[in-house]
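Atoms within a ligand are numbered from 1 in the order they appear, just like the ligands themselves. As a basis for the values below, the full set of heavy atoms in this structure was taken, side chains included, without hydrogen atoms, waters or symmetry mates.
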Amino acid sequence: MSKFWSPVVHTLAPYTPGEQPKIEGLIKLNTNENPYPPSPLAVAAMQAELGSDGDRLKLYPDPTGHVLREAIADHFGIDSDRVFVGNSSDEVLAHTFIGLLKHERPLAFPDITYSFYPVYCRLYGIEHVCVPLDGQFAIRVDDFIERAPGAVIFPNPNAPTGRLLPLAEIARLASALPDSPVVIDEAYVDFGGESAVALIADHPNVLVTQTLSKSRSLAGLRVGFAIGQPALIEGLTRVKDSFNSYPLDRLALAGATAAMQDRAWFDATRHRVIASRDRLTADMRALGFEILPSAANFVFARHPDHDAATLASALRERRILVRHFRLPRIEQFLRITVGTDPQCAALVDALRALV
Ligand SMILES: *Cc1c(COP(=O)(O)O)cnc(C)c1O
């Protein structure tokens, strides 16, 4: 507390990111990072941009991120005027909350979802309602439609459940609420989902956000983007240019562009993660865990006979980090990031000793 704070700062409830420990040799399965390195072409592009003397860094980067937006547009087969880029998808989401989701009627999102959403609502003074997931932790589109919200946001696959909502259901939601922006946060879609980018052409109210942090192994670079019809993109650009004209630095623009262009690396690494997830799911089920069907690079699991917090701390003693949320409905679940096969095997060995 400080008398120097603006009044709003006293009311904030900031997001708590997963732990980034300094300890060597930990198996880190707590923040949904990719276990594989980024595309070598992305690394080479950043080295080339840096050059031998870093001379290019004396100049500001392109404020519109044009080359990266072209690469993203090519990846999806759309026009680049439908693409917005930012310094992480968290930043893109922040601009979306203030630019597209603050309306007369409250914003709706699931009761169990990405815990950054209520944080942005506090920061920007956005009223919201939480719509409960069903008993199997699935999103029920009709429950959202019934509330006639001013706007809707949810991740697909949802976090931290990993559950996927079929594209046809998203289309039904967007059609039923034609005057409300519907934002689909696709941080994990590359691990088994179908992107709602396919709905953009027919639905002027749909905005899709994605990140290079998970499926492109670039959490440390901070690059995210949004896709929607030009009117939505223009709204985000107006917010961006009222906040920071140059959100992406030269190295990030170069690395992210090459990463988007390297489809072979992207496909090879994400398919390895998907195969490991399916093995991990089978191995954990054999130990008695209940696991929600996951389309993400993590599994959401509970054991009927073992307390989740106790399991998480016992794993920590064995130098394996997983995420446990002390929240209603999910306090008996662990969210476990899919690592390499040897990391998953070490986790299963540890769990076998514990349950
Ligand atoms: C990881 C994540 C993000 C944030 O991604 P960054 O680009 O690293 O900020 C956004 N939404 C969800 C649901 C996530 O899990």
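Below 3.5 Å of separation, one finds an N or O of Thr211 facing an N or O of ligand 1. At least one N or O atom of Ser89 sits closer than 3.5 Å to an N or O atom of ligand 1.
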For Phe300 and Ile330: C-alpha separation, side-chain torsions, deciding distance, then whether side-chain contact (heavy atoms from CB on, under 4.5 Å) applies. CA-CA 9 Å; Phe300 203 49; Ile330 58 168; 3.8 Å; yes
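Under a 3.5 Å cut-off, the side chain of Arg319 and the backbone N or O of Glu24 do form a donor-acceptor pair. Here the side chain of Arg82 pairs no donor or acceptor atom with the backbone of Ala73 at under 3.5 angstrom. Counting only distance, with no hydrogens or angles, the side chain of Asn156 and the backbone of Gly193 share no donor-acceptor pair below 3.5 Å.
Looking only at heavy atoms of the protein, atom 13 (C) of ligand 1 is closest to Asp185 OD2, 3.4 Å.
Residue contacts with ligand 1, taken as heavy atom pairs separated by less than 4.0 Å, involve Tyr188 solely via side-chain atoms from C-beta onward. Under 4.0 angstrom from ligand 1, the non-hydrogen atoms of Asp90 come from both its backbone and its side chain.
Salt bridge status for Asp341 with Arg272: absent, with no side-chain N to carboxylate O gap under 4.0 Å. Remark: Arg270 engages Asp267 in a salt bridge, criterion side-chain N to carboxylate O under 4.0 Å.
Applying ring pair (Phe, Tyr, Trp, His ring centres under 6.0 Å) to His128 and the options Phe97, Phe109, Tyr120 leaves one that passes, Phe109.
Taking only non-hydrogen atoms, the option from Gln210, Lys214, Glu186, Glu33 nearest to atom 1 (C) of ligand 1 is Lys214.
Which parts of ligand 1 touch Arg222 is read off a 4.0 Å heavy-atom cut-off, strictly below it: atoms 6 (P), 8 (O), 9 (O). Taking every non-hydrogen atom of Ser88 and a distance limit under 4.0 Å, the qualifying atoms of ligand 1 come out as 7 (O), 9 (O). Taking a cut-off of under 4.0 Å to the non-hydrogen atoms of Ser213, the atoms of ligand 1 that pass are 6 (P), 7 (O), 8 (O).
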